[in-house]
Amino acid sequence: GRALGMTLGGMSTGTVVGVPLGLIIAEHLDWHATLWFITALGLIAMIGIVIWFPSFPASAPPSLRQRVAMMTNGRVAAIVGITFMTSVANLGLYTYIATILNNLADIPSVTPYLWAWGIGGTVGSFSIGTLIDRTGRPDLLMAGILAIMALAMFSLPFVLPLSILSFLPFILWG
């Protein structure tokens with residue numbers, strides 16, 4: 001659990017820093033500059049991997065047939081299905097943050113809310129692995145996460161006009 005949490009936390013941190021930073025770069029320069037910045041970061045990362053990544057043996061990944069066969073296990077199919085639907089709900093709404101903020105509260109700048117969403121997501125990503133290891137109840141944790149996300153989404157129209165409180169649903173949603 002903890003290793004998975006660290007991996008997810010790293011990916012979340014990239015999103016938390018990358019999306020708002022990309023918006024800031026695009027706002028001050030243009031979207032081309034954002035893409036060039038991402039390209040430069042990718043090149044730096046690639047060079048770092050080539051130079052410093054240790055060489056260690058790795059087993060061959062399962063074939064596509066073996067991966068598809070795993071889906072015949074009811075528990076695996078249920079976990080993959082729930083994870084897929086949760087991701088669609090989470091990222092589907094994320095796509096419309098700017099529209100939601102503008103329509104519900106006439107908020108023109110999405111960047112601070114993306115920071116709040118990302119901070120919540122990063123904290124959650126780094127914490128979830130440890131929570132799974134400690135409780136041994138990923139089903140209960142998933143139910144709790146879904147309830148928190150639903151509450152956060154439901155509360156948006158009510159808290160957006162309330163200044164600093166308007167960030168709370170985005171932190172919880174992340």
Side-chain angles (χ1 to χ4, degrees), residues 1-26 31-97 110-111 113-150 152-153 170-174:
R2 238 178 91 207
L4 180 60
M6 291 300 289
T7 301
L8 292 173
M11 290 176 10
S12 295
T13 302
T15 303
V16 167
V17 174
V19 172
L21 184 60
L23 287 172
I24 291 168
I25 292 170
W31 64 271
H32 295 98
T34 302
L35 294 181
W36 282 113
F37 180 72
I38 292 167
T39 302
L41 282 178
L43 284 171
I44 292 167
M46 184 177 69
I47 292 167
I49 289 170
V50 168
I51 293 173
W52 290 295
F53 199 73
S55 177
F56 55 87
S59 58
S63 69
L64 180 59
R65 180 174 296 224
Q66 290 170 316
R67 292 179 211 181
V68 171
M70 285 185 234
M71 292 301 290
T72 61
N73 179 323
R75 290 189 69 196
V76 172
I79 290 168
V80 169
I82 291 169
T83 303
F84 175 75
M85 295 306 288
T86 302
S87 297
V88 167
N90 187 10
L91 296 175
L93 189 57
Y94 178 75
T95 305
Y96 297 101
I97 286 179
V110 70
T111 305
Y113 294 90
L114 290 176
W115 281 105
W117 179 83
I119 290 167
T122 300
V123 169
S125 294
F126 278 116
S127 315
I128 193 65
T130 303
L131 287 171
I132 288 172
D133 288 345
R134 284 191 183 159
T135 65
R137 296 290 312 266
D139 55 338
L140 191 60
L141 289 170
M142 185 61 136
I145 290 167
L146 291 173
I148 289 169
M149 283 176 61
M153 291 176 194
F170 291 91
I171 292 169
L172 292 174
W173 173 19

Checklist entry - Heavy-atom count around Met85 CE within 6.0 Å, excluding the residue itself: above 12? => result no
Next on the checklist: What's the separation between atom OH in Tyr113 and atom CD1 in Ile97, rounded to the nearest 0.5 Å?
Outcome noted: 11.0 Å
Item to check | Verdict with reasoning, Asp139 to Met142, per side-chain contact (heavy atoms from CB on, under 4.5 Å) | outcome: CA-CA 5 Å; Asp139 55 338; Met142 185 61 136; 5.8 Å; no
Next on the checklist: So which atom in Ala152 and which in Leu172 form the shortest heavy-atom distance, rounded to 0.1 Å?
Outcome noted: CB-CB, 4.1 Å
Next on the checklist: Please report the interatomic distance OG1(Thr111) to CG(Leu21), rounded to the nearest 0.5 Å.
Outcome noted: 10.5 Å
Checklist entry - Among Val80, Ile79, Thr86, whose side chain to side chain contact (heavy atoms under 4.5 Å, CB included) with Ile82 holds? => result Thr86
Checklist entry - Which pair of non-hydrogen atoms, one from Pro62 and one from Met70, has the smallest distance, and what is that distance? => result CG-CE, 4.3 Å
Checklist outcome for this item: The reported gap from CD1 in Ile24 to CZ in Phe37 (rounded to nearest 0.5 angstrom) is 10.5 Å
Item to check | Thr34 side chain vs Ile25 backbone, donor-acceptor pair below 3.5 Å | outcome: no
Checklist entry - Which value, rounded to the nearest 0.5 Å, describes the distance between Phe126 atom CZ and Leu131 atom CG? => result 14.0 Å
Next on the checklist: Can you tell me how far apart CD1 (Ile44) and CD1 (Ile49) are? Round to the nearest 0.5 Å.
Outcome noted: 12.0 Å
Item to check | Heavy-atom pair of closest approach, residues Trp173 and Met149 | outcome: O-CG, 4.2 Å
Next on the checklist: For Arg134, is the CZ atom crowded, meaning more than 12 foreign heavy atoms sit under 6.0 Å from it?
Outcome noted: no
Checklist outcome for this item: Output for pair (Thr135 OG1, Leu141 CG), nearest 0.5 Å, gives 4.0 Å
Checklist entry - Going by heavy atoms in the side chains, are Leu43 and Met46 under 4.5 Å from each other? => result yes
